[in-house]
Amino acid sequence: MSLLEAEIASTEEILRAEGFGSEADILRTHILLLKDEGLREQVRKRIEEEDATAESAVAEVFGSVKTRLQRSGHEITREKASDIEDLHRRLREGLDGQKREDVLSTVCDVEAPVFVTQELLVTEVLEAKDAGVKAIIAATGTPLSHAAIMAKAFGIPVLRVAGVESLREVAGSRVVVDTTNGRLILGLKDPEIEEWIEVEKTDIGGSVASPLSVYLNVVDTHASSTDKDGRIAGIGLYRSEFLLTRAEGFPTEEQQYREYRTLCREWPASPVTIRTFDVGGDKSLSFFSLGPQENPFLGLRAHRIYAYHPEILITQTKAILRAGLECGELRLLFPMIETVDDLDAVLSLVGEARAQLDAEGTPYRRDFKQGVLLEVPSILWTLQEIYDKVDFVSVGTNDLLQYHFAVDRTNGNVGHLYRPYHPTALRALAHIVESAKAASVPVTLCGEIASDPDMVPLLFGLGFSDLSVDVHAVDAVRRAVPEGSEDRFRTIANRCVSVSTAAEVSEILRNTGTSVPTVSDIEVRTTGISDGAMDPVCGMVVHQTGNPFVLESSDRTHYFCSEECMLAYQSASP
Ligand code: PEP
Ligand code: MG
């Protein structure tokens, strides 16, 4: 894999973890473009047969693809030209070694920055997100471009303004981007700007009262200070293994300590939940082999690695306990625990970490809380014993429900069977929340369903009032459960738990005017598929590469599961 591919893949993984699945898919298309054999062959030919330099070969090939796309009669196809431009720029940087000025460095130290660009590219939007950019002004592009779609998902408004060059004159001054009326207002005096800031504050949905405590899921220790105006109760899940996906080896205790301290310092009066490394499954490491795994989700993952390398957890725990001195409350969360035996093994390594800190005389957080991420179905049958040993639990529904239903959500042919609102899933969740409450053990739900405003009333009705969500979902989740609606949602959830099919749950929700969680068929069937296409006859998702059952028409190519479907299509076509 090229360096650029690896960089994009790492960003893709981060976006997925943050709940931006569709946006991560956009990056997947960039990786597929980089891998495209046709493009590679054209570049190779120019270098080998025409003696072109790598820079000029890439410029020629990408330039001609971009021109072809721009001439297309379809708007969506035309918008793909900016993806080609984006990749070309990044490849050029790698080839000539000249790093262009990125959004991040342009706006550093600016409060509420507005970024101005000629042609908005996906890379710039990603940088703008990390830099806390509040609005983007671009000269070209439509809402159909990948960059615009991504900006929308990140909540960054994009305003189209012709002739952005003239804005150079106002660089560094205060402006108002009036997104409601699509206006850019220049030359305002400070008191007028303050008035606009007041208007913005009252418009923010965050002031809505909610019976929920909403925590944040984060993957980056630096990106956690997003909002502290009382809407967010703390960090409900820091996925620490993301430290490793960009590293070249396991970070030392000191390196980890500094990372965790950054996070803890952001929340001096609030709980910070640090999950120990959940390596394996879909998260592999370039510097650490997990061995051949036919099915990584059932293989060497999380604490299972400690049987061979206990020092990984000992080092990490020492770093976390030291950093935890700086946050309001430290919660240490252990993923993928299946049984009491596995919890005991992990707790004994935590004891070893403490013993080492004590022996060294290193100060550390002694009153930390320890908890289990409930995400393997076996643990649901031993909850009482688990509650006796932990201070809190968190429910990881992403894994819990995938193992519960034995469904890979990214498989286009079965992903629709992942049904969080199915009575069997609701019963499992009800069992957890009821037993935790009876044992007076605090319970949080941190899986992706907590970020879905359509699922939240149901979760609340089941008894979950502490939810840990992706940052972009905070306001929508808070709004999903109005204050005073407790009894109503409890009654609805009880009815949903007592029926036997997903259809009955949908009906109850519809009849009671509650939002019905829908998993969009299109989304499920295409998400995460890099080489898939839908058979137009039977509707199955099938391979493109190496598929012998292919029909080309003037404007598209169709792929089929079998000769039978292909012939059926042919005979039905005029
Ligand atoms: C989960 O499984 O729900 C969870 C929070 O962990 P992850 O998505 O990182 O596996
Ligand atoms: Mg999980």
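FYI, side chains are in, hydrogens and waters are out, and symmetry mates aren't considered; it's all heavy atoms of this structure. All ligand and atom numbering here is 1-based and tracks the order in the structure.
- Counting only protein N, O or S atoms closer than 2.8 Å to the Mg ion (ligand 2) gives 2.
- Closest of all the heavy-atom pairs between Leu373 and Pro335 is CB-CA, 3.8 Å.
- Sorted by first and then second residue, the ring pair (Phe, Tyr, Trp, His ring centres under 6.0 Å) pairs with a member in residues 270-308 read Phe250-Phe287, Phe250-Phe288, Phe288-His309; sequence neighbours excluded.
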Per-pair distances, ligand 1 N/O vs protein N/O, less than 3.5 Å:
from, atom 1, to, atom 2, distance (Å)
ligand 1, 2 (O), Glu375, OE1, 3.0
ligand 1, 2 (O), Asp399, N, 2.9
ligand 1, 2 (O), Asp399, OD2, 3.1
ligand 1, 3 (O), Gly396, O, 3.3
ligand 1, 3 (O), Thr397, N, 3.1
ligand 1, 3 (O), Asn398, N, 2.8
ligand 1, 3 (O), Asn398, ND2, 3.3
ligand 1, 6 (O), Arg275, NH1, 2.9
ligand 1, 8 (O), Arg239, NH2, 2.9
ligand 1, 8 (O), Asn398, ND2, 2.8
ligand 1, 9 (O), Arg239, NE, 2.7
ligand 1, 9 (O), Arg239, NH2, 3.3
ligand 1, 9 (O), Arg275, NH1, 3.1
ligand 1, 9 (O), Arg275, NH2, 2.9
ligand 1, 9 (O), Lys283, NZ, 3.3
ligand 1, 10 (O), Asp399, OD2, 2.9

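- Between Val279 and Glu241, the shortest heavy-atom contact is CG2-CB, 4.2 Å.
- In terms of heavy atoms, His404 sits closest to Pro377 at N-CG, 3.8 Å.
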Let me check something: any side-chain donor-acceptor pairs from residues 347-357 under 3.5 Å, sequence neighbours excluded? List them with distances.
from, atom 1, to, atom 2, distance (Å)
Ser348, OG, Ala345, O, 3.4
Glu352, OE2, Gln356, NE2, 3.0
Arg354, NE, Tyr364, OH, 3.3
Gln356, OE1, Lys318, NZ, 3.0

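- Annotation: cation-pi pair Arg275/Phe334 absent, no NZ/CZ under 6.0 Å from the ring centroid and within 45° of its normal.
- Of the candidates Leu462, Leu374, Leu445, Thr397, Ile432 forms a side-chain contact (heavy atoms from CB on, under 4.5 Å) with just one, namely Leu374.
- The heavy-atom pair separating Ala450 from Val477 by the smallest distance is O-CG2, 3.3 Å.
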message: Test side chain to side chain contact (heavy atoms under 4.5 Å, CB included) on Val516 and Asp454; report intermediate values, then the result.
response: CA-CA 6 Å; Val516 182; Asp454 287 343; over 6 Å; no

